[in-house]
Amino acid sequence: IKLLLSFSLVLAALVSPAIGVAQSAPQAGTTAPAETGPVVYDVEVIARYPHDPDAFTQGLLWHDGHLYESTGQVGQSQIRKVDPTTGEVLAARDIPADQFGEGLALWGDELVSLTWRNGVIHRWSLEGLEPVRSDPFPYEGWGLTVLGDQLVASDGSATLRFLDPQTYAVQREITGTLDGKPVPRLNELEAIDGLIWANQWYSQAIVGIDPASGAIRSIVDMSPLVSEVAAADPGGVLNGIAHDPEADRWFVTGKLWPTMFEVRLVPRA
Ligand code: DDQ
Ligand code: CA
């Protein structure tokens, strides 16, 4: 597990050294029953589809036969509707050019998108990607998804905030933890089958977080996909999880990746 969540040694020096995985050995002599650890999964690649290698993927979701994607980097941030099979960008709308686009979620017939440090959260019509409204948002914006009747937002720490989808008021928070230790740099999010699945910035794993407690229940080793893509750009990290609930299909990609992977999770024996 430590290995799965370990990240680029080059970046280890630049980013906070704590990756937020358990470093302590199990305590000897304790009689309390050990809590069940996370289930570790490998991925089986079902299909590979083209993905715009210039898309700095920040948010990804599936809706009604299409992928919707938000992209980042100042001056290049967009909201996009994408053909999942060809990777063709069917429609795109620019995020204001001075802003850095981040996570994306669908609420009703509107897309909601974060910005990294611009302090603003946007809404767009699903049909036509027209800007609907923009509101102040007092946190760093990283990932965004919907669970039940709330939005869930990450901010680059271990904290996930549950927000009112209209007012964005924070209704509760959880801390993503593994063996009780906070797991920082939670990034792109997707709620699937009752867990909040998260990319962790600069790790080669996706984690499944219990929305009640914050405990990590699942760890998916994505390192074969990261190796296959071998992104040259240091920013080209694993990022982007989408799920087609009708066919139970998982889609994963990364920033500047030329490939969109459809995968199946296989519990490690
Ligand atoms: N964020 O999307 C994770 C919030 C920010 C992305 C910033 C991209 C910079 C990439 C440079 C990597 C070298 C440290
Ligand atoms: Ca997503």
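Remember, it's 1-based here, ligands and their atoms both numbered in the order they're listed.
Counted by atom type alone, Asp94 and Gln78 present one or more donor-acceptor pairs between their side chains at under 3.5 Å. Looking only at atom types and distance, the side chain of Thr57 has a donor-acceptor partner in the side chain of Glu69 under 3.5 Å away. If you check the side chains of Ser113 and His122, you find no donor sitting under 3.5 Å from an acceptor. Remark: the Trp124 side chain and the Glu130 side chain contain no N/O donor-acceptor pair separated by less than 3.5 Å. Between the side chains of Gln150 and Gln171, at least one donor N or O lies within less than 3.5 Å of an accepting N or O. No hydrogens or angles considered: nothing links the side chains of Asp193 and His243 as a donor-acceptor pair under 3.5 Å.
Close contacts of ligand 1 with Lys255, meaning ligand atoms under 4.0 Å from a residue heavy atom, involve 1 (N), 2 (O), 3 (C), 6 (C).
Residue-level proximity to ligand 1 for Glu102 is carried by the side chain, the only part with a heavy atom below 4.0 angstrom. For Glu188, no heavy-atom contact with ligand 1 is shorter than 4.0 Å. No part of Glu140 comes within 4.0 Å of ligand 1, judged by heavy-atom distances.
Sorted by chain and number, the protein atoms of type N, O or S within less than 3.0 Å of the Ca ion (ligand 2) are Leu60 O, Glu188 OE1, Glu188 OE2, Leu189 O, Glu190 OE1, Ile241 O.
Within the 4.5 Å cutoff, the side chain of Val112 has no heavy atoms near those of the Leu104 side chain. Between Trp62 and Phe251, the closest side-chain pair of non-hydrogen atoms falls below 4.5 Å.
Selection from Tyr202, Trp142, Phe56, Trp116 by nearest heavy atom to atom 5 (C) of ligand 1 gives Trp116.
The residues Arg48 and Glu228 are annotated as salt-bridged, a charged nitrogen and a carboxylate oxygen being separated by less than 4.0 angstrom.
Inclusion of Gln58 in the set of residues having an N or O under 3.5 Å from an N or O of ligand 1 is warranted.
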